Amino acid sequence: MASSCSSSIIIFLFLCSISTVISSDVATLLGKIKPALSTSTNLELSSWNSSLPLCKWRGLQWAFSNGSLLSCAQSPSLLSNLSLYKDPSLQLVSIHLPASALSGSIPKEIGELSSLQSLLLGVNNLTGVIPLELGNCPELAELDLGGNFFDGSIPVSIWNLCGKLQTLSFHGNKLSGSVPEPAVPNPSCTNLKALDLADNQLEGEFPLFVTRFSGLQELDLSSNRLSGSIPDSILKLNNLQRLNLSYNNFSGVVPPLSKFGAESLQGNNPSLCGSPLKQCGSNSRLSSGAIAGIIIGLMVGVVVLASVLIGWYQGRKRKNVSKRIEEDEMEIEEGDGGEGKLMVFQGGEHLTLEDVLNATGQVLEKTSYGTVYKAKLNDGGTIALRLLREGSSMDLASCLPVVRYLGRARHENVVPLRAFYQGKRGEKLLIYDYLHNRSLHDLLHESRAGRPMLNWPRRHKIALGIARGLAYLHTGQENPITHGNIRSKNVLVDEFFVSRVTEYGLDKIMVPSVADEMITISKLDGYKAPELQKMKKCNSRTDVYSFGILLLEILMGKKPGKGNEGSDLPALVKVAVLEETTMEVFDDELLRGIRSPTEDGLVQALKLAMGCCAPTPEVRPDMREIVKQLEENRPRNRSALYSPTDRSEIGTPF
Ligand SMILES: *[C@@H]1O[C@H](CO)[C@@H](O)[C@H](O)[C@H]1NC(C)=O
Ligand SMILES: *[C@@H]1O[C@H](CO)[C@@H](O)[C@H](O)[C@H]1NC(C)=O
Ligand SMILES: *[C@@H]1O[C@H](CO)[C@@H](O)[C@H](O)[C@H]1NC(C)=O
Ligand SMILES: *[C@@H]1O[C@H](CO)[C@@H](O)[C@H](O)[C@H]1NC(C)=O
Ligand SMILES: *[C@@H]1O[C@H](CO)[C@@H](O)[C@H](O)[C@H]1NC(C)=O
Ligand SMILES: *[C@@H]1O[C@H](CO)[C@@H](O)[C@H](O)[C@H]1NC(C)=O
């Protein structure tokens, strides 16, 4: 500031007079950072306004010059103090605005925030270069600019931050050039635990100096254009727990990284060799004939494999069913012609390989990775068959452990898996109970005659059922199961409004590209947690996010999503809360018969859903907590649950 003050007498008077009345960080924030971060009106940034109490400015944390944090929550007088922002001893310590629709760039004045410890701006639409001045923030420990559109090169000043830096992510931007060498010789960055530069356009060699960052636990350089060999000194990183060098152009011999599998190294120059990749010296390229075979196989597979498979045995002699082998609580049956294996779980003991392959099917749903059939068995029973086309799922050895614990899941709110079949070409069938129920999606969004009225007691029962089913999958068994694809299309609801979740755990048996594709679909449909932008694996917290969206869908009666098909439900709620029109977000049908939205648990359910959709995964509740809150905040008039007059129209029974 000294130099700007001397450059012109007018600026001198202006800036220096401001700095005497308000903290210089507040002045920088309002004067430089806020206008730069967004090119249009932004919900979060508009709260940074001196006509609102400082404690209501979103995404910020402050400290006094003696180091103690300003804890707004602890004192109501702070929460409403309109002159607090003038306190000259205030310093800005963190800016957390992940997934906040920011669309500007980071101004160079960021470097004036001398106490900034944490800057999390991931998953926004920020553009421009990452300013060199960022290296002037001596306290910076956490930096996440992932999932934006930053371009240019990584500023060399970033390594100035080595003293304090603990996590650094530039994942998923358009950064190019090489990873810059630190200006200081031998920086050790001892506190740095996670370095993620993946999914950019970085070139050049493996950044050798990184192997001196001895505290590193996660290193992700995947999906760039790095080339050359992987240095042996990477073995010095003793604390490394996650490594990803995939999808670059690394070549040569892989150092003996016994802790990491091929997934950490795939998609590099074909000459990259050594464990866990192919042995060096052999040539394992596919012949062009084999490739043609695969392509033709895929083309044919998509179109006709399914129908062929279901009628596989039709027209064949029906006697080649053979041995059944007991294994744990399940049985495996093998056809003697090498037709594949059937593994049955509790409740599926009556199924035989012959039955399943002879079943006549009717397509219920088609996706790029498979098809769901309603299939009639010879004995008159009906099953739901989910066919995963060849190539979409992992090999049998990787699938079996997952399928085994999926087959053990038994809960009132979970559609049971009864059997599993793997054909000799790698195609797989998952066999579930067929339920004559409608999906929650149809119930909420399709108006058909006879559709039951979805009042709040009914919707509450449906939501609680889903929550219980998911809580069971997450924590009810020895092996936790992540659902991975929670959406209203994957919830079935029966005539008593008991809900059951289906399609759980499938992402774990798919090959990575198909798992990614499933995530992409869920993104289009609006159920995807923002952090899945950078880490591709679903977990229980991403499930909670999807559940939050689903709960909003239930409360609002609107389809989630972005674009013409659906709406950004959390954003609608935020706007309504700001504009004090919260009651208007609820679906009309749901409000019927409700006297007090608070006493009936409606407001609590909305808050709960918004908590589940928090952009920061750590603050989301877990499924047990969600079940508890839904149980504690029930609608009062539960007789409305089953009353037959509560149908939206008179018509065929549901
Ligand atoms: C701050 O808020 C007030 C009242 O809401 C509004 O009139 C004013 O334009 C805002 N100032 C800025 C800089 O956005
Ligand atoms: C630091 O300063 C603030 C405000 O000046 C004061 O409220 C707080 O008690 C101080 N904390 C310590 C530990 O001195
Ligand atoms: C508001 O905060 C300022 C600065 O910390 C303080 O001087 C003032 O007494 C506070 N006002 C109220 C009403 O608490
Ligand atoms: C972000 O950018 C994408 C494409 O560049 C655009 O479709 C989207 O609307 C932008 N979002 C916001 C909130 O500006
Ligand atoms: C990958 O590296 C090799 C040299 O190791 C080079 O010949 C080739 O052009 C590179 N490929 C790409 C796509 O950059
Ligand atoms: C490495 O990243 C690629 C994509 O960038 C991903 O497909 C792969 O699963 C990742 N591997 C590990 C071990 O995380």
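Sequential numbering from 1 along the given sequence is applied to the chain's residues. Scope of the values below: all heavy atoms of this structure, side chains included, with no hydrogens, waters or symmetry mates. Please read all numbers here as calculations on a predicted model, not as lab measurements. For ligands, and for the atoms within them, numbers begin at 1 and follow the listed sequence.
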Query raised in the report: Can an N or O of S89 be found at a distance shorter than 3.5 Å from an N or O of ligand 2?
Result: no
Query raised in the report: Which of the atoms of ligand 6 are close to S222, meaning less than 4.0 Å from one of its heavy atoms?
Result: 2 (O), 5 (O)
Query raised in the report: In ligand 6, which numbered atoms sit nearer than 4.0 Å to a non-hydrogen atom of S223?
Result: 4 (C), 5 (O)
Kindly compute the distance separating [atom1] ([X]) from [atom2] ([Y]), expressed to the nearest 0.5 Å.
X    : Y    : atom1 : atom2 : result
N269 : N248 : CG    : CG    : 11.0 Å
L161 : C137 : CG    : SG    : 7.0 Å
D196 : L168 : CG    : CG    : 8.5 Å
D220 : L197 : CG    : CG    : 8.5 Å
L532 : R541 : CG    : CZ    : 13.5 Å

Query raised in the report: Numbering the atoms of ligand 3 from 1, which are under 4.0 Å from a heavy atom of S83?
Result: 1 (C)
Query - Close N or O approach (S77, ligand 3; < 3.5 Å) - result: no
Considering non-hydrogen atoms of the protein only, which is the closest contact for [atom], and what is the distance?
atom                    : answer
atom 9 (O) of ligand 6  : E263 OE2, 3.6 Å
atom 14 (O) of ligand 2 : N66 ND2, 3.1 Å
atom 4 (C) of ligand 3  : D87 OD2, 3.6 Å

Query raised in the report: Is the shortest distance from atom 7 (O) of ligand 3 to a protein heavy atom below 4.0 Å?
Result: no
Query - Option whose closest heavy atom lies nearest to atom 13 (C) of ligand 3, chosen from L70, L78, N81 - result: N81
Query raised in the report: Given V511, D199, D220, N244, which one has a non-hydrogen atom that is nearest to atom 10 (C) of ligand 6?
Result: N244
Query raised in the report: Strictly by modelled atom types, are Q166 and K193 linked by a side-chain donor-acceptor pair under 3.5 Å?
Result: no
Query - Heavy-atom gap A198 to ligand 6 smaller than 4.0 Å - result: no
Query raised in the report: So, N200 side chain and K174 main chain: donor-acceptor pair closer than 3.5 Å or not?
Result: yes
Query raised in the report: For S47 and L52, which heavy atoms make the closest approach, and how far apart are they?
Result: O-CD1, 3.5 Å
Query raised in the report: So which bit of P512 gets within less than 4.0 Å of ligand 6, heavy atoms only: side chain, backbone, both or neither?
Result: neither
Requested in this report: Name the orientation class of the two ring planes belonging to F209 and W159 (parallel below 30°, tilted from 30 to 60°, perpendicular beyond 60°).
Outcome: perpendicular
